[in-house]
2 protein chains.
Amino acid sequence: MTFAFDKERHRQGKGSEVEIFEAYLRQKGLKLTVPRRQLLELIFDDHSHFTADQLFDRCRERDVRISKATLYRTLAILTDCKLLSAHDFGGEAKYYEHVFGHEHHDHLVCLACRKIVEFQSPDIEKLQDQAAEELGFAPIHHSLAIFGVCAACAETAEGRKVIEEGQAGPTSVSD
Amino acid sequence: MTFAFDKERHRQGKGSEVEIFEAYLRQKGLKLTVPRRQLLELIFDDHSHFTADQLFDRCRERDVRISKATLYRTLAILTDCKLLSAHDFGGEAKYYEHVFGHEHHDHLVCLACRKIVEFQSPDIEKLQDQAAEELGFAPIHHSLAIFGVCAACAETAEGRKVIEEGQAGPTSVSD
DNA sequence: CTCGATAATGAGAGTGATTCTCATTTAGGG
DNA sequence: CCCTAAATGAGAATCACTCTCATTATCGAG
């Protein structure tokens with residue numbers, strides 16, 4: 001009952017995403033509507049990470065007229081069928097990214113310029129599963145974000161200030 | 001310029017927290033007011049993790065009349081001087097916990113009952129710093145939460161459903 | 001102890017992302 | 001082609017949190 005089943009095959013155009021989406025809709029008794037098709041096109045045609053608002057703007061740019069309600073509803077479906085994943089790095093809005101055809105990864109967030117870099121660490125994954133097991137938890141997913149200052153920002157006054165305060169300008173939030 | 005400097009000494013009553021708080025206020029030219037004193041008392045007198053709303057309720061229970069504005073302002077100061085840390089597990093509200101006198105730890109979150117368990121893994125910490133360094137980031141803090149189902153919930157229908165769906169009942173958010 | 005500059009407070013308005021409501025429209029199986 | 005269930009759009013509603021601002025309190029200097 002998993003839909004992103006052929007992760008082995010790597011990027012192969014958005015065809016697969018559409019197929020997975022359609023299969024999921026069918027399985028749930030949902031309908032493939034025009035707005036959903038348009039959103040799918042916009043989302044998988046390129047930008048692999050975005051916020052709901054950025055997607056909304058993009059719709060307007062391309063003269064695709066879709067309400068925010070529909071946009072959010074569609075994003076929810078896409079995360080449910082695991083074509084997208086939603087992340088919350090403590091900023092204003094959630095951050096969505098493609099899942100299909102991408103390896104699992106965690107994130108480094110620059111507290112000065114908010115740049116986000118992906119990284120992988122199989123060793124960390126292993127230790128996490130181990131920790132969960134030790135405490136009787138069946139791990140389902142996890143979220144690891146390292147907040148710091150990127151190389152570029154470490155050169156700037158802003159970046160140095162953040163490092164000095166050892167914190168994201170007063171009151172940073174983590175999880 | 002760090003205020004939670006004597007982490008070595010473990011729990012020793014809320015005296016130390018008050019001292020640290022006062023030192024921080026003085027250093028920043030802020031004032032020790034009645035509402036701040038009352039909040040400090042409530043926060044460090046016991047419950048070591050809570051949401052802003054829970055704290056607000058607690059105030060009303062004890063007939064401590066404080067506005068939400070002041071409550072939030074005080075929580076911000078307390079996180080700034082590192083007596084509290086703020087976490088966002090993707091739920092409704094932020095989650096605050098005591099820092100002074102507690103070891104650093106990460107969290108396991110049960111997706112069925114929302115229970116939160118703490119755990120430590122120095123090995124993971126090391127690997128994290130390593131990952132950050134490799135990508136040119138100066139790490140400042142991190143956030144690791146493992147979402148899963150706790151032992152107790154794994155016995156329930158609810159828990160099993162969550163595990164099966166491999167997800168937090170439609171649309172979970174991580175970071 | 002008294003002043004006065006400056007910070008803090010409370011109440012409520014304001015924000016901003018996300019969700020809900022509901023009357024109207026559409027998809028798609030039979 | 002029909003009918004029912006699902007989807008849509010527009011705007012109202014939520015909800016945690018922040019801001020505004022007139023009033024009050026703190027605390028160091030004198």
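No experiment lies behind these values; they were computed from the predicted model shown. Excluded from the calculations below are hydrogen atoms, water molecules and symmetry mates; all remaining heavy atoms, backbone and side chain alike, are included. In the text below, chain A, chain B and the rest are named by the order of the sequence lines, each starting its count at 1.
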Backbone N/O of B:H104 and side chain of B:Q120: donor-acceptor pair under 3.5 Å
yes
Would A:L84 and A:F100 satisfy side chain to side chain contact (heavy atoms under 4.5 Å, CB included), going step by step from the backbone distance to the final call?
CA-CA 7 Å; A:L84 291 182; A:F100 182 74; over 6 Å; no
Distances for protein N/O vs nucleotides 11-14 of chain D N/O pairs under 3.5 angstrom?
none

In this structure, how many angstroms lie between the P atom of C:dG12 and the CZ atom of B:R73, rounded?
14 Å
For the side chain of A:T70 and the backbone of A:I66, is there at least one donor-acceptor N/O pair under 3.5 Å apart?
no
Examine C:dA8: is either OP1 or OP2 under 4.0 Å from a nitrogen or oxygen in the side chain of B:R36? Give yes or no.
yes
Would you mind reading off the distance between A:F56 atom CZ and D:dA10 atom P, rounded to a whole angstrom?
9 Å
Once base and sugar-phosphate atoms are separated, protein heavy atoms under 4.0 Å mark nucleotides 24-30 of chain C, 5' to 3', with B, S and - as ---BS--
Checking contacts here: which listed nucleotide (D:dG9, C:dA11, C:dA17) is nearest the side-chain heavy atoms of A:P35?
D:dG9
Kindly write out the residues that satisfy salt bridge (charged side-chain N to carboxylate O under 4.0 Å, His left out) with B:R36, not counting sequence neighbours, or none if the list is empty.
none
Over 60° means perpendicular and under 30° means parallel, so tell me whether B:Y95 and B:H49 are parallel, tilted or perpendicular.
parallel
Please determine if A:K68 forms a cation-pi arrangement with A:F56, meaning its NZ or CZ atom is less than 6.0 Å from the six-membered ring centre and no more than 45° off the ring axis.
yes
Looking at residues at least two apart in the chain, or sitting in another chain, which of them share a salt bridge (charged side-chain N to carboxylate O under 4.0 Å, His left out) with B:R26?
B:E22
Global bending angle along the helix from C:dC1-D:dG30 to C:dG30-D:dC1, which compares the axes of five pairs at either end, to 10 degrees
30°
Which nucleotide wins on minimum distance to the side chain of B:Y72, given the candidates D:dT18, C:dG10, C:dT19?
D:dT18
Please state how far atom NZ in B:K28 lies from atom P in D:dT26, giving the value in whole angstrom units.
22 Å
Sidechain N-carboxylate O distance under 4.0 Å for B:R58, B:D46
yes
Mind checking A:R65 for me? I need base, sugar-phosphate or nothing, with any heavy atom below 4.0 Å counting as a touch.
sugar-phosphate
Is the centre of the A:H107 ring less than 6.0 Å from the centre of the A:F89 ring?
yes
Donor-acceptor pair, side chain of B:T79 and main chain of B:L75, under 3.5 angstrom
yes
Considering residues at least two apart in sequence or located in another chain, which fulfil the salt bridge (charged side-chain N to carboxylate O under 4.0 Å, His left out) criterion with A:D129?
none
